[in-house]
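Read through the structure below, which is laid out as structure tokens, and then see the notes.
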Protein chains: 2
Amino acid sequence: MDQSKNILKRNGLSITEGRKLILEIFLQSMGALSHADIEKSASVSLDRVTIYRTLQTFVDSGIIHQIPTTDNTILYALCKDSCEAGHHHDNHVHFICMECEKTICMDEVIVPKVQLPKGFEPVNAAMVVKGMCSDCHN
Amino acid sequence: MDQSKNILKRNGLSITEGRKLILEIFLQSMGALSHADIEKSASVSLDRVTIYRTLQTFVDSGIIHQIPTTDNTILYALCKDSCEAGHHHDNHVHFICMECEKTICMDEVIVPKVQLPKGFEPVNAAMVVKGMCSDCHN
DNA sequence: GCCGAATTTGCAATAATGTTGCAAGTTTTT
DNA sequence: AAAAACTTGCAACATTATTGCAAATTCGGC
Ligand SMILES: [Mn+2]
Ligand SMILES: [Mn+2]
Ligand SMILES: [Zn+2]
Ligand SMILES: [Zn+2]
């Protein structure tokens, strides 16, 4: 059965063509995607606004998570397992390759805890590593 | 003598009113600033374009560093000591307060090294922690 | 201090990105 | 199958970013 359909159903979202399409794009892509990436790679044309709204819906539902960047874009990637609406559990490191520009979720590499100064109460932490990915390394 | 002037001189940049002004804003502010923040807090009006170009120049010179965010903005903060043109050494953790929205450079908290999968070569790493700052904590 | 060369600035035009209201279309529920 | 709930696309608008170029400023040598 349709994997994308399943994910939508599991998250209590209406099953629509647009949502399935965007979800397929995520499922097929290995790396993280920006709004622009999705707009480009959509076979059928999707309205920009629909993409904005769908990405927001997916983030809210815990289907995808955001990856901070330093270039006025937001990257999105599929959440693995346990994320729920209003409560993400993604705590893995993200790797941005400076050569091929791909952004990869390193699901096995957990963001380490750090000792903060007195009075600072952490809620969540993101870590982004830049460098050369294994494909580009050779 | 003028601190901002010194910094510009040390970095081989022309000393202009705009650059001094923007640098003063950074020197007086404790936290990180966005383009919009600077545009607002500039006493004399500065052209948006000048601000863009100045921020880029400062980043290139190693005067300020960028902080990744998840909301389509880039935050900038003064580099401490050893950053040079084309080679930043900022490796401290950044803290974003979810209450007061301030972003703080935690100069004493170093981004920990992580073990990456085989073939991945790190060049630099950024870590952003969200939570409650010491001011807002009580 | 003055002058020419080099750099920087502001403006205007343009592009890219993001938001909102609403009517029409689709999906879900009954 | 019909009603209710939700989603989509369009249009209009708002915000943010980029580029070329002429005018202004700054710098280095005199
Ligand atoms: Mn991820
Ligand atoms: Mn910093
Ligand atoms: Zn690569
Ligand atoms: Zn705070």
Side-chain angles (χ1 to χ4, degrees), chain A residues 1-2 4-26 32-61 63-64 66-76 85 101, chain B residues 1-2 4-26 32-61 63-64 66-76 85 101:
Chain A
M1 169 159 30
D2 236 1
S4 54
K5 217 159 152 181
N6 267 345
I7 296 175
L8 293 172
K9 198 170 293 181
R10 169 161 19 110
N11 285 277
L13 296 177
S14 300
I15 293 162
T16 70
E17 285 311 312
R19 286 174 180 175
K20 276 194 290 183
L21 176 54
I22 292 177
L23 213 34
E24 290 297 344
I25 295 174
F26 274 110
L33 300 172
S34 66
H35 177 281
D37 291 333
I38 291 169
E39 199 170 356
K40 276 174 217 144
S41 59
S43 48
V44 191
S45 103
L46 276 177
D47 195 84
R48 289 166 39 68
V49 179
T50 301
I51 298 175
Y52 282 119
R53 293 196 271 224
T54 302
L55 289 173
Q56 190 55 56
T57 301
F58 285 0
V59 170
D60 292 344
S61 304
I63 296 176
I64 60 178
Q66 302 177 306
I67 302 162
T69 71
T70 205
D71 68 344
N72 286 305
T73 64
I74 306 175
L75 292 175
Y76 301 86
E101 300 280 308
Chain B
M1 171 159 28
D2 238 1
S4 54
K5 217 159 153 181
N6 267 344
I7 296 174
L8 293 172
K9 197 169 293 180
R10 168 159 21 107
N11 285 277
L13 297 177
S14 299
I15 294 163
T16 71
E17 285 311 311
R19 285 174 179 175
K20 276 194 291 183
L21 175 54
I22 293 177
L23 213 34
E24 290 296 343
I25 294 172
F26 275 110
L33 301 171
S34 66
H35 177 281
D37 291 333
I38 291 169
E39 198 170 357
K40 277 175 216 140
S41 59
S43 48
V44 192
S45 104
L46 276 178
D47 195 83
R48 288 171 47 69
V49 179
T50 300
I51 298 175
Y52 282 119
R53 294 196 269 224
T54 302
L55 289 172
Q56 189 55 56
T57 301
F58 285 1
V59 170
D60 292 344
S61 304
I63 297 176
I64 60 178
Q66 302 177 307
I67 302 162
T69 72
T70 204
D71 68 345
N72 286 306
T73 64
I74 306 175
L75 293 174
Y76 301 87
E101 299 282 307

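Values in this document were obtained by computation on a predicted structure and should not be read as measured data. Each chain gets a letter, A, B and so on, in the order the sequences are listed, and its residues count up from 1.
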Where do N or O atoms of nucleotides 10-14 of chain C meet protein N or O atoms at under 3.5 Å, pair by pair?
{"from": "C:dG10", "atom 1": "OP2", "to": "B:Thr50", "atom 2": "OG1", "distance (Å)": "2.4"}
{"from": "C:dG10", "atom 1": "N7", "to": "B:Arg53", "atom 2": "NH2", "distance (Å)": "3.0"}
{"from": "C:dG10", "atom 1": "O6", "to": "B:Arg53", "atom 2": "NH2", "distance (Å)": "2.6"}

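- At the phosphate of C:dT17, neither OP1 nor OP2 sits under 4.0 Å from any side-chain N or O atom of A:Asn72.
- B:Glu39 is linked by a salt bridge (charged side-chain N to carboxylate O under 4.0 Å, His left out) to B:Arg48, counting only residues two or more places apart in sequence or in another chain.
- Residues A:Phe26 and A:Tyr76 come closest through the heavy atom pair CE2-O, 3.2 Å.
- In this structure, the NE2 atom of B:His35 is 15 Å from the P atom of D:dT15, given to the nearest Å.
- Note: CG (B:Leu55) to P (D:dT16) measures 14 Å, nearest angstrom.
- A:Thr57 and A:Asp60 are not linked by any side-chain donor-acceptor pair at a separation below 3.5 angstrom, with hydrogens and angles left out of the test.
- Looking at every heavy atom in both residues, B:Arg19 comes nearest to B:Phe58 through O-CZ, 3.8 Å.
- Side-chain atoms of A:Tyr52 lie closest to C:dT19 of the nucleotides C:dT19, C:dT9, D:dT16.
- Nucleotide C:dT20 holds its C1' atom 15 Å from the CD atom of A:Gln56, rounded to whole Å.
- The separation between A:Leu8 atom CG and D:dT8 atom P is 10 Å, rounded to whole Å.
- B:Asp47 places a side-chain N or O within 3.5 Å of a backbone atom of B:Val49 that can act as its donor or acceptor partner.
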* **Worked check of side chain to side chain contact (heavy atoms under 4.5 Å, CB included) between A:Lys9 and A:Ile15** => CA-CA 7 Å; A:Lys9 198 170 293 181; A:Ile15 293 162; 3.8 Å; yes
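- Taking atom NZ of A:Lys9 as the reference point, atom P of D:dC6 lies 18 Å away to the nearest angstrom.
- Looking only at side-chain heavy atoms (C-beta outward), A:Leu55 and A:His35 come within less than 4.5 Å of each other.
- The minimum heavy-atom distance between A:Pro68 and B:Thr70, with the atom names listed, is CB-N, 4.1 Å.
- A heavy atom lying under 4.0 Å from DNA chain C marks the following residues of residues 13-26 of chain B, by number: B:Ser14, B:Thr16, B:Arg19.
- Donor-acceptor pairing under 3.5 Å, judged by distance alone, is absent between the side chain of A:Arg48 and the base of D:dG9.
- Summarising the geometry, the separation between NZ on B:Lys5 and P on D:dC27 is reported as 9 Å, rounded to the nearest angstrom.
- When rounded to the nearest whole Å, the span between OH of B:Tyr76 and C1' of D:dA17 equals 11 Å.
- For B:Asp71 against B:Thr73, the heavy-atom pair with the smallest separation is OD1-OG1, 2.8 Å.
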